[in-house]
Every structure is written in C-alpha cells, then in structure tokens.
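As structure tokens, the structure follows; a few thoughts come after it.
Values below: every heavy atom of this structure, side chains too, minus hydrogens, waters and symmetry copies. Reminder, nothing fancy here: chain letters follow the sequence lines and each chain counts from 1.
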Amino acid sequence: MKIKVNAIALKSHVLEWLASATGSHPNLVLAPENLDPIHLKSREICCTMRRSRYLLNTVKETPKEAVVISHQLMLRAGMIKQLASGIYSFLPLALRSLRKIEQIVREEMNAAGAIELLMPSVQPSELWVESGRWQIYGKELLRMKDRKDNDFCYGPTHEEVVTDIVRKEVRSYKDLPLNLYQIQTKFRDEVRPRFGLMRGREFIMKDAYSFDVDDPSADRSYQAMYDAYKRIFSRCGLAFRPVEADSGLIGGSYTHEFHVLAQSGEDEILSCDQCDYAANVERCERQIETRSAAARPFEKVATPGKKSIEDVSAFLNVPAENCLKTLLYQNGETILACCLAGDRELNETALKNLFDGEEVFLVDPQTAQEKYGLPIGFVGPIDLPQSITALVDREIAEGGPWVCGANQVDHHFVGVTADQIRGKIVNLGQTRAGDRCPRCQNGHFTSHRGIEVGHVFKLGTKYSERMGATFLDAQGSSQPCIMGCYGIGVSRTMAAAIEQNFDEQGIIWPLQIAPFHVNLLNLDPSAELTQQTCDSLVTALEAKGIEVLYDDRDERPGFKFKDADLIGLPLQIIVGMRGLQGGTVEIKARRTGQRQQVALAGAVDEVIAQLQELGWGKERV
RNA sequence: CGGGGCGUAGCGCAGCCUGGUAGCGCGCCUGCUUCGGGAGCAGGAAGUCGGAGGUUCAAAUCCUCUCGCCCCGACCA
C-alpha cells in the first residue's frame, strides 16, 4: 500500500521528466524530424527489442559439446544453433553482432578503395580445372553434381570466379588497379570442425582480390589492405597483432596474418620486445647465436639405454643445448636426417617448404632400424648411409663441440666439431620465446597465443597466367595482372571477440560489435511506473541512436541480472521500484561491474557519457 | 583419415551389465505464494529410446549393419 502511495506521488515527477527528456508526451512516438540525423542510420536497422517478443533463449548449464569459451557462451546466450557438424544458424542476437562487424569491414574496405560485389557460392568445376585446383584441392572442397550430371562445388574461396570476371571485363591498363570484395558464406569441408564458430565448415568471410599492372602498384594494393585490416580490427575493439606468416599452399611470396590475441588461440605467435617484428612461429626467423662448449677430444662413448636428449644430457653431464638430435623424416622416397640442437624443436613448416610444401612424415623407429639400420635414439649425422640426405640446422653449423648419436645402439659421440658434420645447412629449428630478434638484433621474442582472423596475400600472377586474366599495357602488349587476395573470417572474428572478452558471468562485448548498446532491465514489470519509465527511457535512448534490448519479461530480478551479464551488453540500466522511490535508476557497466545510481533526469546523459567512454560515436580510429 | 566416446522428452542425464511398467533434474504450460543476483509448493503437457535388420513369447536393454554427433592427432579465415 505504501508503495502505491509513493508511486502516485512520484508519477507526476516522472512525467515531468519525460516531457523534458523527449520533448513530447511519453506515449507519443517521436516524429522522424525529432531524431538526431546523424543517428538515423543506426535507428533504421536497430529498433529496440523487447525480450518478451524476441527470440533469445538463454540456458544456465554449459552444453557438453562446447569446449572453448566462445562456443559455450554463444550457446548459453542463445546466439547460435548447430544444424550439423560445423554448421550453425546465427540466431538474432548473433546476427546483430555479425552485421556490425560486416559494416565495419565494408566501411573500411570501401574507404581503402575496394569495390563490393557478390559472387555465386556454387561454382562450376570448369573454372577449377582451369586453375588446376579441381585436382589438388582435395576433400575440403565440397563437390556436387547438378541434374545434368555436371560437376560443381560450393565455393571455399573465389579466386577462380573473380579472375574469370576480371579476364572478361578488364582489357586495358586503364581499367586497373582494381580491388573487388564480397562478404559471403563459404564452405570448407574441414577434416575436423570444432570449437563452434572458430572452426566451422560453413562460415562467413570477407574476401577481396586485387589486380594491378605491376609490382609497385600491387604492393600499394597490399599495403592498403594491410592498413585497412588494422583499422577494421581496431574498430572492432579487439587486441590483435599482424604477423608475418607462411604462405602455405595458396602460394605467393608475401603474406601477413592478423591474429586476435587470446589464451585459447590455436596459433603461437612471437613478437620482438624491441622492434615491431612479429611472426607466426611457423615462419619466425631468429638470430643464430653460437653455442660453444668446452673443447674435448672426439670419441665414442657408451650410453646404455640413453635414448632421449634428456637422458643423454644427464648421463654425460652435458647440457641439452650442447647435444644434437637427429630426426628422421621422409619425403616421398627420400629419407632426411634433420640435425638440430637438443633443446630445440623442429619447424615442420620450414622443412616442408624445402620440398615445395610437400608433406613430410617422421620415419617410425621400426622402419628406421629395419630398412636403414638406424637405431632411433642413437642416430647422428656422422657416417650416415649415402642414401640419406642430411640437413643441418644453421645453429649446429656454427657451434660446438657437440654430443650426438653414433648410429650404433647404446653409443654416442662426444667432442663432435661442426666441420665433422656433413649436410646441407638450412634453417630447421623453430624459434621460441627468448630467442634474439634477427631484425633489430637487439630485442628478444615473447610468445602469445593468437586466433587467425585475417590474412593478406600477395599472389602474383599464378591465377592470372593460368586463367588468362591479362590487360594491354601502354605499349599495347598483353600482360598478366598481378593479384593479391585478402580474407577476413567475419564469423570467426565474432567468436574471437568473445574468446578475448569474457568473465565468469558471461560475454563482455566490445561496444562497437555488441548486438545492442544497452540492456534495460525492468525489475518490476507489472508496475505501471516502471513500465512508463522504461518506455520513455527507450524512446529517449532511441532518439539518440542507442540500441536497446529491453527486458520487460515477468521474471525475478536475480534471473534478469544473470541473463544480462551472460549476454554481456556493455551497459545495463536497472529500473526498479526501489530506485524509483528515490527518483533514481541504476547504470551498471558490464566490464568493470561498476554501478551508479543516477537521477532519472540525468540517466540518458549518463548513459551517453559512459558509452562515449567506451568509444561510442567514434567512427574511425 | 586413424584412435577414443556418446546417441533415451527442448537441454543435461539415469535405466542397458542381469530382457518384462521409460524415469530424474532443468526448461515449458496452469494456479497460488514469492520478488535486487538463475525462487517455493501443487498440478500438467511432452519421448517411433538415432535408423534398419536379427535373436526372443517379449528388446531402450542381447547380436549385426548403418547414420549422426563429440573428443585426441595431420589442414586453414
């Protein structure tokens, strides 16, 4: 009863505020001319959503199939729904975030001079046969036949299609440079889909393709994309790092990956603590430092049962870094003896690249013994059979003396000097944290985990030559276009954002890609006063272009708090009778957890102020 | 593709070994109470036990085959 009396007394006060806040009667919908024009765009696509009328079902328990945090939270927050392995529906909440990422990508791509188009997702095999990839792409390419039995595939990427367009449309150097992009659903029949959106089979990707007349121009196109990518991920509010990368099978000479930094990242990246060199561990160079040890005479010693570097090191009292390990790899019929320091890992990517990216496999111990007479655990580079190709890591070639296997069970050599080791000197060892940077020769590497969300490639003329994408230069002679390709995993970026921004309670959206800006919680939805207050807050916030998710459901307060934290919108406005009796509402910042009681009259201004602090209204970074 | 695991109500699971009535928690619907951190009580709806074949008087349960999903290793946005 008491509350009722207070409520009535309050009502006039609230109505007064409403009139001043919206400039009209609260029940009146604002006419368009009352809207701040700069916010019209966001209003068009983002009306307030009432939870009672929205498709958003959250769950308390973590679904068992989800092992990474983004997958768990997206399922719990009702963002995605699995349809088949690696194939997900984006439910409304997720779609809103996705659209925001797409919009940032569009704006920055357009600003960088790229032109949007949309290519078919289903592609005829002819183009792929022409580029040579129908044969080599393997099972990852989802192939299908139409009713006339013609071969098609669902596009995992669009080099072929875009090159086909360009060869038909571009004739003169005057038509170049050209950079075409699209945002589209791709399908790659991954060997093992996992981690929800992080490694799905169907995913949304922005792919861009540049065509230039010569190398300097192609390099400018590449640089423009590199810069655009930096702006894109900054605007998404993510901590990221561009790194030099391995070009892998797509080929090409020059490539960077963009990684969102997160503990759960699948890639290791190394960055110099002094200069700006950073690279994927697969690709990272290092400054070779000579490892010397006390000279000792060359001799064979017995090392009974000491197979591992650890055992040998302990047994002979020689540090692992002065021991030498020899790994037997196989490339086709060729057997490779790969020598590197005992404390260093082999970089398989580097090894593969010595063989044009062909697969290499470790030789199993039984085969090594039976076919080549080499006892695994005691293999060394000295007196290897002629049929075996020895590869020696540069680190070995410059140091010594070393301890190494004697190619005889239970025996090692000690006092081995570098000139005793025959073999081709190459870079085989994997760089690791603490190694010296080769660029500035001053700093040392630190290690991070990263999620690859973007990749820029300089492709060269591989596709344009094969598919005849040529133009006439100023001299009238035909030249192949120099190509580049540039991808951003849009749906993966959304997942990566969550991997980087969460706590025990749920997601913490960066404002720029949050599905809504504000979560308005009506704690007493059956009370007329809270209803009216919320309605008018909604109107006032909308008029400022602020996107509101309004929890008007008939649920208990605790339930709504948990839900709001799980969904993780940047700000929560909490409206309850308790606060309204003092004429206040509460504003809670999701990331800091900081709560503030503010007078109703100042609530919208305070929300705007807090949103601005989170980066609201900053179009460009 | 190799290795492992799991398919029973929308979700999480028990039941299976030792064949015979399909069960629990969450969620959902109704009512009452409750109401600032995922409420309580009472009532209710909901399952071709992944599919096919077999054994049996009788199969969620035993056998065979199949499909799907998840996890661990080699690929990639």
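For A:V191, there are no side-chain contact (heavy atoms from CB on, under 4.5 Å) partners, not counting sequence neighbours. By the side-chain contact (heavy atoms from CB on, under 4.5 Å) test, A:A337 pairs with A:T326, A:L328, A:L384, A:I388, sequence neighbours left out.
In this structure, A:K352 reaches the sugar-phosphate backbone alone: every heavy-atom distance under 4.0 Å involves primed, P, OP1 or OP2 atoms, never a base. A:L566 comes within 4.0 angstrom of a base, heavy atoms only. A:D563 comes within 4.0 angstrom of a base, heavy atoms only. A:V490 comes within 4.0 angstrom of nothing in the nucleic acid, heavy atoms only.
Comparing B:G36, B:C71, B:C75 by their nearest atom to the side chain of A:E190 picks out B:C75. Checking B:C1, B:G36, B:C71 against every side-chain atom of A:P557, the shortest atom distance belongs to B:G36.
Contact check, A:K139 against B:C1: a side-chain N or O comes under 4.0 Å of OP1 or OP2. In terms of phosphate contacts, A:Q82 brings a side-chain nitrogen or oxygen within less than 4.0 Å of OP1 or OP2 of B:C70. The side chain of A:T157 places no N or O atom within less than 4.0 Å of a non-bridging phosphate oxygen (OP1 or OP2) of B:A77. Between A:K562 and B:A39 there is no side-chain N or O to OP1 or OP2 distance below 4.0 Å.
Distance CZ (A:R553) to C1' (B:G27): 13 Å, rounded to an integer number of Å. Between the C1' atom of B:C69 and the NE2 atom of A:H71 lies a distance of 12 Å, rounded to the nearest Å. Rounded to whole Å, the distance from CZ on A:R199 to C1' on B:C71 is 15 Å. Here the P atom of nucleotide B:G68 and the CD1 atom of A:I87 are 12 Å apart, to the nearest Å. Across the protein-nucleic acid pair, A:Y88 atom OH and B:A77 atom P stand 20 Å apart, rounded to whole Å. At whole-Å resolution of the value, CD in A:E202 and P in B:A77 are 18 Å apart. Across the protein-nucleic acid pair, A:L523 atom CG and B:G38 atom P stand 13 Å apart, rounded to whole Å. Atom CD in A:E555 sits roughly 9 Å away from atom P in B:A39 (whole-Å rounding).
Residue A:Y486 is tested with A:M109, A:H455, A:K206 for a side chain to side chain contact (heavy atoms under 4.5 Å, CB included); the sole match is A:K206.
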Table please: side-chain donor-acceptor pairs of residues 555-562 of chain A below 3.5 Å, with sequence neighbours left out.
residue : atom : partner : partner atom : Å
A:K560  : NZ   : A:N522  : O            : 2.6
A:K560  : NZ   : A:D551  : O            : 3.3
A:K560  : NZ   : A:R553  : O            : 2.6

All N/O donor-acceptor pairs, side-chain side in residues 77-86 of chain A, below 3.5 Å, sequence neighbours left out:
residue : atom : partner : partner atom : Å
A:Q82   : OE1  : A:Y88   : OH           : 3.4
A:Q82   : NE2  : A:A84   : O            : 3.3

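Using modelled atom types, no side-chain atom of A:K186 and backbone atom of A:D207 make a donor-acceptor pair closer than 3.5 Å. For the pair A:S491 (side chain) and A:I204 (backbone), a donor-acceptor distance under 3.5 Å is present.
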Look for any protein N or O under 3.5 Å of an N or O in nucleotides 31-34 of chain B and output each such pair with its distance, or none.
residue : atom : partner : partner atom : Å
B:U34   : O2   : A:R556  : NH1          : 2.6

Between protein and nucleic acid, restricted to nucleotides 12-16 of chain B and to nitrogen or oxygen atoms under 3.5 Å apart, what atom pairs and distances do you find?
residue : atom : partner : partner atom : Å
B:C13   : OP2  : A:K64   : NZ           : 3.2

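Classification of the A:F233-A:F240 ring pair by plane angle, with boundaries at 30° and 60°, yields tilted. Aromatic ring orientation, A:H256 versus A:Y222: tilted (interplanar angle from 30° to 60°).
Nucleotides B:U30 and B:C67 are separated by 40 Å at their C1' atoms, to the nearest Å.
With centroids closer than 5.5 Å and planes inclined by less than 30 degrees as the test, A:F561 and the base of B:G36 fail to qualify as a stacked pair.
The pairing partner recorded for B:C16 is none, the criterion being a Watson-Crick or G-U wobble arrangement whose two distances lie under 3.5 angstrom.
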